[in-house]
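Below you'll find the structure, written out as structure tokens, and then a few comments.
Every chain is numbered from 1, with letters handed out A, B, ... down the list of sequences.
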Number of protein chains: 2
Amino acid sequence: MTISPVSRMPLSLDVAQRLRTAILDGTFAADAELPTETELAQSFGVGRSTIREALRVLQAHGLISGADTVSTARPRVTHERTAGAAGLALSTALQVGAIPLADLVALRVLLEAEAIRQNTSVPATARSCLATMAAAVENADIHTFHAADVDFHVQLAYAGGNRALGFVIGVLRDCIAGYLLDALAAVADPGAVLARLLAEHQGIVDALDAGETDHAAELAVHHISGFYTPETP
Amino acid sequence: MTISPVSRMPLSLDVAQRLRTAILDGTFAADAELPTETELAQSFGVGRSTIREALRVLQAHGLISGADTVSTARPRVTHERTAGAAGLALSTALQVGAIPLADLVALRVLLEAEAIRQNTSVPATARSCLATMAAAVENADIHTFHAADVDFHVQLAYAGGNRALGFVIGVLRDCIAGYLLDALAAVADPGAVLARLLAEHQGIVDALDAGETDHAAELAVHHISGFYTPETP
DNA sequence: TTAACAGCTTGTCTGACAAGCAGCCAGGAG
DNA sequence: CTCCTGGCTGCTTGTCAGACAAGCTGTTAA
């Protein structure tokens, strides 16, 4: 029976946990600036470097802002980045988990079909992605097409209304993105493939516009899984 | 057009990113010790405190070990904690309201139903979880029951064969676990609820044994979503 | 074989300095 | 007299260097 497991924890981690609970408790109001590092160090009775390490942990968890640019602005309590941090963590875990690509694709097919089934209308953002893709087909610009492709699927995913669904789809998409770009770059005639993908996207949107959600979901299934099977016609 | 957005990033974050890609690339072998902080500082040309902040970020992401206890052992490249880090990050997003609980539960329902549909047989590990739960019901031991409950669902999820599916279900389960425990602790008559949950688990196993996978999936849907709707009978 | 010792590593603190930003104050233009 | 502008002074973050305690490890002497 360890009497005080807390004492075996580095001070910086202990401070990080206490700050974390303080933030989640509302002791530090959302969107409010945190005290300065020196003030935090004094109030916790530790050195500034210890406070800095604790702040880094909280920034990695997305609970406070200010990790990405150098500025004199103090960190703020923010909740916007928590989903991003969760996405990064999930993406990392999937990457290092040596999960077969086929499993990732199968999961994505399942989720996107469900998201499309929940869709009632095609969001304007998804339509503009279609336009971007069409322009990219003209120029045979693989990267622009791919970026718009990703955005299109994510927009559709979130349009269903379930944020967890859109979130996981986005993460899966990130994990698969590398494979997809490589596949596109390896194709002999990228233009033809891009045109076919664009047509499939258009088909999904058309089906949704016609109110045929089940058909749209079916099209999406074939659109996604078709790309990852070697026998792409 | 920003010429060098990288230069506006704190050094410690830049170092963290470079270390991260080095780990994911396999430059540092899995389960191998990282160089010492002093060596890293020299090889990156930065001070030791900068390296330490970068290491804290990677530890928060679950990519390297050694964040929880104080010891002289050097951090190792480890992949075991990434799932836990993802669960924690998602849980944070949930607590903060970035992702509604109802959405997560809906997603979990969808995924678990699919996993059960892919099941051909009930794994022995899941059966032993049932036995553990039965014993916990006798003792009204909420925590033991809960642990076995979690394990049961994860075992079923992985039994379907899709590792991505099992993994994501595990992460979702991690992140919802807190709410579930709170709910169990708040119930007036925990024994009755535990008994009902156990019976529902048994029903799913029975349906799978009988080869009625669709029925089993349906039972799982009601089992999970029923628990999170206030009108639990 | 055992016990002391030296070296290394992490965790932490302190002090220092550059860069950027906000606020204030004085002085000149109108 | 009012207003604008320029510079100055703090303050805060990011980073570095040096120091020391505690714990582990390998070596050496008894």
Side-chain angles (χ1 to χ4, degrees), chain A residues 2-20 23 28 31-78 81, chain B residues 2-20 23 28 31-78 81:
Chain A
T2 52
I3 296 185
S4 58
V6 178
S7 74
R8 294 193 55 76
M9 183 183 300
L11 251 184
S12 55
L13 267 265
D14 185 48
V15 169
Q17 275 197 1
R18 285 200 273 165
L19 271 176
R20 177 190 169 86
I23 288 175
F28 295 112
D31 269 347
E33 279 184 337
L34 287 174
T36 66
E37 293 174 355
T38 307
E39 286 170 344
L40 284 173
Q42 285 174 349
S43 72
F44 279 98
V46 301
R48 190 161 79 99
S49 45
T50 303
I51 288 290
R52 284 183 62 79
E53 291 186 18
L55 290 179
R56 286 298 182 208
V57 173
L58 296 184
Q59 284 169 343
H61 289 164
L63 274 173
I64 61 179
S65 67
D68 46 356
T69 59
V70 50
S71 83
T72 72
R74 316 222 288 269
R76 287 175 173 275
V77 176
T78 176
R81 301 174 187 231
Chain B
T2 53
I3 296 184
S4 57
V6 179
S7 74
R8 294 193 56 76
M9 183 182 301
L11 252 183
S12 54
L13 266 269
D14 185 49
V15 168
Q17 275 198 1
R18 285 200 273 166
L19 272 175
R20 176 193 168 87
I23 289 175
F28 295 112
D31 271 347
E33 279 183 340
L34 287 174
T36 67
E37 293 175 356
T38 306
E39 286 170 343
L40 285 173
Q42 285 174 349
S43 71
F44 279 97
V46 299
R48 191 160 79 98
S49 44
T50 303
I51 289 291
R52 286 183 59 79
E53 291 187 18
L55 290 178
R56 285 298 182 209
V57 173
L58 297 184
Q59 284 168 343
H61 288 164
L63 275 174
I64 60 178
S65 67
D68 46 356
T69 59
V70 49
S71 80
T72 71
R74 316 220 289 268
R76 287 173 173 275
V77 176
T78 175
R81 303 175 186 230

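Checking the phosphate oxygens (OP1, OP2) of D:dT15, a side-chain nitrogen or oxygen of B:S12 falls inside 4.0 Å. Under 4.0 angstrom from either OP1 or OP2 of D:dT13 there lies no side-chain N or O belonging to A:R52.
Distance, A:E53 CD to C:dG11 P: 8 Å, rounded to whole Å. The distance from atom CD1 of A:I51 to atom P of C:dG11 is 16 Å, rounded to the nearest whole Å. Between B:L13 atom CG and D:dT13 atom P there is a gap of 15 Å when expressed in whole angstrom units. The separation between B:L55 atom CG and C:dG11 atom P is 9 Å, rounded to whole Å. What separates CG of B:L11 from C1' of D:dC16 is a distance of 11 Å, to the nearest Å. To the nearest angstrom, P of C:dA22 lies 11 Å from CD of A:E33. Between the CZ atom of A:R56 and the C1' atom of D:dT13 there is a distance of 9 Å, rounded to whole Å. Between A:E39 atom CD and D:dT12 atom P there is a gap of 6 Å when expressed in whole angstrom units.
Listed by chain and number, the residues in a side-chain contact (heavy atoms from CB on, under 4.5 Å) with A:Q17 are A:M9 (sequence neighbours excluded). Shown here are the salt bridge (charged side-chain N to carboxylate O under 4.0 Å, His left out) partners of A:R20, two or more places apart in sequence or in another chain: there are none. Evaluation of the salt bridge (charged side-chain N to carboxylate O under 4.0 Å, His left out) rule for A:R76 yields no partner, not counting sequence neighbours. Under the salt bridge (charged side-chain N to carboxylate O under 4.0 Å, His left out) criterion, A:E33 pairs with A:R74, sequence neighbours left out.
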Would you mind writing out the side-chain donor-acceptor pairs for residues 48-55 of chain B within the sub-3.5 Å range, not counting sequence neighbours?
from: B:R48; atom 1: NH1; to: B:E37; atom 2: OE1; distance (Å): 2.6
from: B:R52; atom 1: NE; to: A:E53; atom 2: OE2; distance (Å): 2.8
from: B:R52; atom 1: NH1; to: B:E37; atom 2: OE1; distance (Å): 3.4
from: B:R52; atom 1: NH1; to: B:E37; atom 2: OE2; distance (Å): 2.9
from: B:R52; atom 1: NH2; to: A:E53; atom 2: OE1; distance (Å): 3.4
from: B:R52; atom 1: NH2; to: A:E53; atom 2: OE2; distance (Å): 3.3
from: B:E53; atom 1: OE1; to: A:R52; atom 2: NH2; distance (Å): 3.4
from: B:E53; atom 1: OE1; to: A:R56; atom 2: NE; distance (Å): 2.9
from: B:E53; atom 1: OE1; to: A:R56; atom 2: NH2; distance (Å): 3.3
from: B:E53; atom 1: OE2; to: A:R52; atom 2: NE; distance (Å): 2.8
from: B:E53; atom 1: OE2; to: A:R52; atom 2: NH2; distance (Å): 3.4

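Here CG of B:D31 is found 8.5 Å from OG of B:S65. Values are rounded to the nearest 0.5 Å.
Closest contact between the side chain of B:P10 and the listed nucleotides C:dT10, C:dC13, D:dG14 involves D:dG14.
End-to-end axis angle for the helix from C:dT1-D:dA30 to C:dG30-D:dC1, using five pairs per end and rounding to 10°, comes out at 10°.
Using modelled atom types, no side-chain atom of A:Q42 and backbone atom of A:E39 make a donor-acceptor pair closer than 3.5 Å.
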Protein-nucleotides 18-21 of chain D N/O pairs under 3.5 Å:
from: D:dA19; atom 1: N6; to: B:R48; atom 2: NH2; distance (Å): 3.4

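Contact of the A:L19 side chain with the A:V15 side chain is registered, since non-hydrogen atoms from C-beta on lie closer than 4.5 Å.
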Chi angles and distances behind the side-chain contact (heavy atoms from CB on, under 4.5 Å) call for A:I64, A:F28:
CA-CA 11 Å; A:I64 61 179; A:F28 295 112; over 6 Å; no
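B:T36 comes within contact range of the sugar-phosphate backbone alone, with a heavy-atom separation under 4.0 Å but no base atom that close.
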